[in-house]
Q: 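One structure is given below, represented as structure tokens, and several questions about it will come after.
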Amino acid sequence: MAKTMLERELKRGSTELLILALLEESARHGYEIAQLIDNRSDGAISFHVASLYPTLYRMESKGLIDGRWIEKAGQRRRRYYRLTPAGRKMLASQRTLWQNFFHALNRVARFDNA
Amino acid sequence: MHNRIDWKSRVREAFAGHALPDDDVLDELAEHAQAIYETARTHGFAHDEANERVAQHIESWRSNAPDLRRLPRRRTTAPPPPASSSSITAGLAQDFCYAARLLRRQPRYALLAILTMALGVGATTVLFSVTYGVLMKPLPWPNSDRIVALKETRGGRSPRFGSFSNAVYLAWREEMTYIDDLAAWSQRDVTLSGIGDPERIRVVSATASLFPVLGVRPLLGSVFGPDDETERVLVLSESLWRERFGANPQVIGTSAQLDGQAYTIIGILQDTLAFPDRRPRAWIPTRIRPSTGNSLSMFNAVAVLRPGATISQASAEGTTRGRFVPDTGMTTTAIFGGVGPVEVSARLLRDTMASDVRGPLFVLLAAVGLLFVTSTANIASLQLARATTRKREMAIRRALGAAGTRIGRQLLVENLMLGLIGGFAGLVFTWWLHTMMPSLLPIDFPRIDDLKVNGTIVLFAVAASLAASVICGLLPALYVQRLSLAESLGEDGAAALGPNRRSRIAFARMFVMAGQIAVACVLLVGASLLARSFLALLTLDRGYDPSGVLTARLSFPDSLYTPERRFAVVDDLLRRLSIVPGVTDVSFTSELPLTPGGSTAAMTISAPGADGGRITAQASPRIVSPRYFAAIRMRIIQGRSFVDADVQTSPPVAIVNRTFARRYLNDNALGTIVPMAVGFGNFELPATLIGVVDDAVYVSPTEPTQPEIYYSYLQLRGTLIFPVVNLVIHTADNPTKFVPELRASVRASDNTVVPDAISTMEDRVSSGLARPRLYAVLLGGFAMFAVVIAGVGLFGILSYLVIQRSRELALRTALGACRLDLVTQVLRQGFVVAGMGLIAGLVCSTAVVRSIGTMLYGVTPYDPFTFLLVPLFLLLVAAIACFVPALRASRTDPIRLLKS
């Protein structure tokens, strides 16, 4: 039980970071974001697709990302999300935060030696 | 097959029974569902399997349906205000925004209102500031609330100079119960030398007790103590120390020359603590000595009350002590004009300092208050006019659900805004006037240094503008409260109404208008009286002619000059000046007209019809040179003037003025024997009166002329025993042109003498009139402002009425009324208002003019000329104000108007 709670909290805290990091590379649509998280973490942090869109919408309302419908040649019309300057700033600060957290965690819990 | 799947419909159907997301979100989810399906199919899954995956996703979305909505990015608009605000502050910001927008849209109206407010607030605040600074602000000395100025009278008679005698001073100082101490002081001008150019400065000679009485400590060094009273020590003012000594602290212990005598500088006194004001530049000690024989010395005196003691206790104690002093006989008569029991009166120093401006200040404050009221009324009247034109706006707002109070508040806020802007502008105006104050106010105006814009003044300005704006806003706000909805909305703005229908608001405006005319009338009456009084002072027969006369003062201090040396220098100087081309008469006098102070003496003379043939006469003695009366154009009305042949070896002669001759000699003075040079040494010679000179205004026109007696300096054994000589030079040209020659001649006669107080006699007369002129100009300015306000107001209200009545007037014209009828109609309306205002104004005027009675000279408060001229003038203004609207009424084109 405790394990699932920890997992949930970690996931919730990291989702925004993951989305921001993915959008840093290029503008992406919702399905692509879900797929990339799933693939790159080898399924370890796949999150329920039900929470993807609410998260995207929340981030959009916070002004971190900006979504718009784009119709590329030979493709369907899709809604692409990209980073806003505010999102870029947030990504940088989140990265530092997590980095510091991992370092601290490592110093205490010694992952490397474990 | 899957290409034919309508993903959006499928997603939408799945949400049936749940909160349906936005269309945009549905599109996105549908697009996602399709991507899952296609990927699954690419990975080789069958349609059903792929479909199953999609179904799982849709199911999970559905469970999160409430979160699937796009939130608004940012708030772009403020939330709408609550329809009816329950709290007072709600919507206030909105009111301010609305008011600002309205004022921006009507810049001319806003500017007019703000300017009126600024002038009203500014003028009132300045007057308040002067009144506060001069009459109410505590004096700068620590003991100021206990410091009293003392005045001694004998049998109710005030002394001719000074205010307290050494006899009473010493008697009281022996035993003091209700006062801690008393101090004596007097002022004189001396020449400061020894550092840089010689300079005439004013010094205060005071007893050592002055500083403890005031409660002040020096900025540097020490002040003089009782042992210093006979020493030559000096306390410098801070400003003199900075100007002449470069603020050098080493100056303590060095010496400076006053009238050629060395004084040791022992301390520096801060400028803010300078006593009695900032004009003296130094303080030197003096000791009050007991009277010898029949002499009395006079000076000014202050005392500090013992804590808890009252002023009347101190006065009673002083009077009791004074009753024990021995009678000084003739000297008392000379100084007090008679003998009688001693009375001592104490009065707070603050009140004495400003006693002669107190009345005028209150009058001006009242006047400016009236002006403020009338200018406020003007804005209120403008507001009422606007309220009428905005009637429909208000009615619509009420119809839409705004409460009457809410609209009322809106109007109040509009006025508050006008008031605050106007008040701020007024404050700037006040500050500007304060910087001008020292040059605007007469030089001898009390406590000029205390006039500063401080917290109290700002508070007053803010309070005044707030009060004015609330009053201005209240009228239209009340009006809105009573606004009838149906009537306002249904009313045709141009409907031909009977005169009674539209009148409520017009009536209020007319009432305000009449009040404004009344105020203008009161102010104009006051201003006219003061102006006439000023003119009377200006054209008054002073008994001499100031035109073409140059005057200067020469000081020959006892420490540097023997009476013989003085005589020689002055004699030589008169000779030198008399040969300057353009100079018609050269003379000097021991006392110049319009110089405060002055000497007085008593003598026994034989008089016709007197009891025992002899009487005691009091007179101001003056030593003059033979050409004095000619130089200043005083008229000899009997006998002859002095001539150069009246010398030491010829029989001593004297001249008296008309008052002397009338009071003591029954207008028959010639040949009477009087003592020689009384008051100027002990000659013990009889002199014969050889002439009578007409009375001259020596001190001020409001004071009765005193008996005067003149002697020629050529008959005083070749001596001059008084240290100050006033040159009086009559010239054929502009007298100021002769200043360089005057200086050169003085230098040639004695290069150590510095002539000072060089000015034309006309300038002296004019500076003596500075206060009456200031009062007349100020009140005149207020009055003209009030007249303009009333005139513009009358014009405004009549124009408005003409526009309102245009249909009615057109109808009348159509029905046969001629133009003259229409003009008369409008004029009558205007004159009714003006007449009501005038009557009210005249009634008020008769009640208030008494308060300026003491400020008047040569005109009675109920001057018929004024009371006739002012109403006529105001009627003329009213006629002009009515004329244009009346003309407009007569040009009404009935056809065009009735068609419109």
Q: Under a 4.0 Å N-O cut-off, is there an ion pair linking A:R79 with B:D24?
A: yes
Q: Please indicate whether B:F424 has more than 12 foreign heavy atoms, meaning atoms of other residues, nucleotides or ligands, lying under 6.0 Å from its CZ.
A: no
Q: From B:I36 CD1 over to A:Q35 CD, what is the distance, rounded to the nearest 0.5 angstrom?
A: 8.0 Å
Q: Within the supplied structure, the quantity of interest is the number of heavy atoms (other residues, nucleotides, ligands) at a distance under 6.0 Å from B:R53 CZ; does it exceed 12?
A: no
Q: How far apart are the C-alpha atoms of A:Y31 and B:Q34, what are their side-chain angles, what is the distance that settles it, and do they pass the side-chain contact (heavy atoms from CB on, under 4.5 Å) test?
A: CA-CA 10 Å; A:Y31 179 74; B:Q34 185 177 358; over 6 Å; no
Q: Excluding sequence neighbours, so at least two apart, what forms side chain to side chain donor-acceptor pair (under 3.5 Å) with A:E24?
A: A:R95
Q: Which heavy atom of A:Y57 sits nearest to which heavy atom of B:E28, and what is that distance?
A: OH-OE1, 2.7 Å
Q: Is any side-chain heavy atom of B:D27 closer than 4.5 Å to a side-chain heavy atom of A:R77?
A: yes
Q: Please state whether the side chain, the backbone, both or neither of B:L29 comes within less than 4.5 Å of a heavy atom of chain A.
A: side chain
